[in-house]
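The structure appears right after this line, and notes come after that.
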Amino acid sequence: MEFFKGIGRIRYEGADSGNPLAFGFYDPERAVLGKKMKEHLPFAMAWWHNLCACGTDMFGRDTADKSFGAKPGTMEHATAKADAGFEFMSKTGIEYFCFHDVDLVPEADCIAETERRLDVMTDYILALMKDTGIKCLWGTANLFGNPRYMNGAGTSNSADVYAFAAAQIKKALDVTVRLGGRGYVFWGGREGYETLLNTDMRRELDNMAYLMRMAVDYGRSIGFEGDFYIEPKPREPMAHQYDFDAATAIGFLREYGLDKDFKLNIEANHATLAGHTFEHELRVAAVNGMLGSVDANQGTAHLGWDTDCFPCDVPTATRAMYEILRGGGLTGGFNFDAKTRRASNTPEDMFKGYILGMDTFALGLIKAAAIIEDGRLDAFVRGRYASFGSGIGKKITDRKTSLTELADYARSLGSPGRPSSGNEEGLEEIFNKILYS
């Protein structure tokens with residue numbers, strides 16, 4: 001059965017094409033810095049937004065029909081979503097997907113039945129993967145949607161809820177391994193607190209870390225060789241979440257000895273909510289050796305919540321790709337954790353959202369590569385820190401000096417003089433000239 005009738009394979013036609021269902025910049029075979037564009041940009045479909053989200057918000061009901069010809073809440077609907085999803089990925093050229101456990105199947109009243117349904121659906125998806133060559137980027141468990149998780153999962157005040165979360169993680173790992181997933185994500189959707197008046201923070205952090213350690217141990221025991229990821233987010237739904245931003249998440253991982261198995265899954269919209277830029281969070285992850293994967297979306301600047309828009313901001317995408325390229329690339333990929341707007345509710349809009357996102361990052365890649373090949377930004381940064389390449393600066397770099405020696409050196413100078421210009425405006429001008437040429 002064809003779900004998206006009248007829509008063929010989305011192909012690259014160039015920026016001058018008037019076809020709204022064609023790529024203007026994403027040319028998967030184009031070589032950029034010695035690699036094919038599709039290798040730089042392993043795009044993934046988010047099962048939850050693309051196949052499950054129907055435009056509901058806190059003020060209104062569904063606006064989009066995602067039944068795909070089946071009754072929602074049934075296993076027939078689950079298989080229809082899978083068929084539609086693989087047709088969608090095949091037509092857009094997307095080679096990966098990401099999932100939560102309860103995106104794949106309707107959750108049953110008991111976990112044993114949910115697990116049985118997941119086994120059935122895993123077999124079904126494996127057959128689709130074999131037919132299409134499409135792969136799993138990463139999996140995760142939804143530990144935030146069900147009312148049982150109102151006080152968190154790994155940070156819950158209930159040992160029974162904690163055990164239930166462990167069971168969900170175990171099964172989600174089983175499914176991820178069977179589907180050949182490259183990663184497994186922890187997004188602490190409710191791992192935080194509303195008020196400290198009722199919170200034992202030390203217990204919650206210890207328990208969350210222990211749950212992650214058990215997940216790593218179990219995953220390795222069943223042959224999972226990929227990365228585990230933490231996806232930082234500062235707030236919403238909880239007033240304060242423990243995985244606030246990249247730096248906080250890295251500190252947590254190192255505190256509990258999880259840093260050898262975990263990297264970060266950086267989401268653009270979450271960076272905004274944390275008061276950072278997307279490129280800042282990518283840089284923090286990269287310089288700490290924890291740049292793993294990306295949720296590609298963007299927020300709405302004047303709104304204070306996670307709007308999950310499809311990315312269209314080319315300057316931001318360029319700065320992000322500059323960080324990713326300079327950081328050595330991703331071990332994961334680019335998951336479009338993005339949804340069409342409530343009024344964009346047709347099948348064509350689903351395709352247009354992904355075309356927009358893929359073109360935005362393709363153009364960002366092209367321009368970031370041009371900045372690197374131009375070399376002026378990198379050369380300026382090297383020159384700005386040149387004093388650390390010789391003399392006393394080299395001793396500092398090599399960690400072969402002391403406060404006493406530095407104090408003696410400072411006294412011999414009398415005055416250090418004025419540091420060189422930061423040239424911010426000049427560098428932004430270079431960036432703009434390359435971006436818009």
Side-chain angles (χ1 to χ4, degrees), residues 42-48 51 75 78-79 81-82 85-86 89 94-108 111-144 153-154 162-189 208-231 253 258-265 290 292-295 330-335 337:
F43 290 130
M45 181 194 76
W47 204 279
W48 53 98
L51 303 178
M75 285 297 288
T79 56
K81 285 193 297 183
F86 275 79
M89 289 184 280
I94 291 173
E95 297 184 348
Y96 295 91
F97 64 90
C98 301
F99 71 91
H100 299 87
D101 50 357
V102 296
D103 300 332
L104 302 183
V105 299
E107 188 173 11
I111 194 169
E113 173 59 17
T114 301
E115 290 177 344
R116 186 196 69 79
R117 294 176 183 181
L118 282 168
D119 287 337
V120 171
M121 184 51 55
T122 302
D123 289 339
Y124 193 82
I125 291 172
L126 279 170
L128 294 173
M129 293 171 70
K130 183 178 179 181
D131 289 342
T132 61
I134 290 169
K135 300 173 283 293
C136 175
L137 185 65
W138 54 253
T140 187
N142 183 323
L143 303 179
F144 51 87
Y162 187 94
F164 204 99
Q168 270 192 255
I169 291 169
K170 179 178 180 295
K171 189 62 180 179
L173 275 165
D174 289 336
V175 173
T176 300
V177 170
R178 286 194 63 202
L179 295 178
R182 287 166 56 171
Y184 184 88
V185 172
F186 280 85
W187 173 56
M208 183 167 66
Y210 183 48
L211 186 61
M212 291 179 175
R213 170 50 58 197
M214 288 189 288
V216 169
D217 292 344
Y218 178 73
R220 300 306 185 212
S221 76
I222 62 171
F224 178 63
E225 297 179 352
D227 290 321
F228 289 86
Y229 300 122
I230 281 185
E231 182 177 320
L253 293 172
L258 295 165
D259 50 306
K260 299 299 187 292
D261 293 284
F262 276 82
K263 288 184 170 62
L264 299 188
N265 184 67
M290 292 190 182
S293 199
V294 161
D295 271 12
L330 303 175
T331 60
F334 295 82
N335 170 50
D337 186 13

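Predicted, not measured: the structure shown is a model, and the values here were computed from it. Residue numbers start at 1 and run along the sequence shown.
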- For the atom pair CZ (F43) and CG (L137), what is the distance rounded to the nearest 0.5 Å? 12.0 Å
- Check: R182 side chain, C136 main-chain N or O, donor-acceptor pair, under 3.5 Å: no
- Query: Between atom CG of L258 and atom CE of M212, what is the distance when rounded to the nearest 0.5 Å?
  - Reply: 7.5 Å
- Message: Whether the side chain of Y96 engages the backbone of N335 through a donor-acceptor N/O pair (distance < 3.5 Å, no angle test) should be reported.
- Response: no
Side-chain polar contacts of residues 121-129 - donor-acceptor pairs under 3.5 angstrom, sequence neighbours left out - could you list them?
residue: T122; atom: OG1; partner: L118; partner atom: O; Å: 2.6
residue: D123; atom: OD1; partner: R178; partner atom: NH1; Å: 3.4
residue: D123; atom: OD1; partner: R178; partner atom: NH2; Å: 2.5
residue: Y124; atom: OH; partner: D83; partner atom: OD1; Å: 2.8
residue: Y124; atom: OH; partner: D83; partner atom: OD2; Å: 2.9

- Message: Could you tell me if D295 and N265 have a donor-acceptor pair between their side chains, going purely by distance under 3.5 Å?
- Response: yes
- Task: For the residue pair Y184 and L173, establish whether any side-chain heavy-atom pair is separated by less than 4.5 Å.
- Result: yes
- Query: So among D119, T114, T176, which one has a side-chain hydrogen bond (donor to acceptor under 3.5 Å, both in side chains) with K171?
  - Reply: D119
- Task: Report the C-alpha separation of D261 and R220 in whole Å, then their side-chain angles, then the decisive distance to 0.1 Å, and conclude whether the salt bridge (charged side-chain N to carboxylate O under 4.0 Å, His left out) test is met.
- Result: CA-CA 10 Å; D261 293 284; R220 300 306 185 212; 3.0 Å; yes
- Task: Would you please say whether a donor-acceptor pair under 3.5 Å links the side chains of N142 and W48?
- Result: no
- Item | Ring-ring centroid check Y218 F224, cutoff 6.0 Å | no
- Query: Quick one: salt bridge (Lys or Arg N to Asp or Glu O under 4.0 Å) partners of K135, sequence neighbours excluded?
  - Reply: none
- Item | Ring centroid separation W187 to F144 under 6.0 Å | yes
- Message: Check the orientation of F228 and F262. Use parallel for under 30°, tilted for 30 to 60°, and perpendicular for over 60°.
- Response: tilted
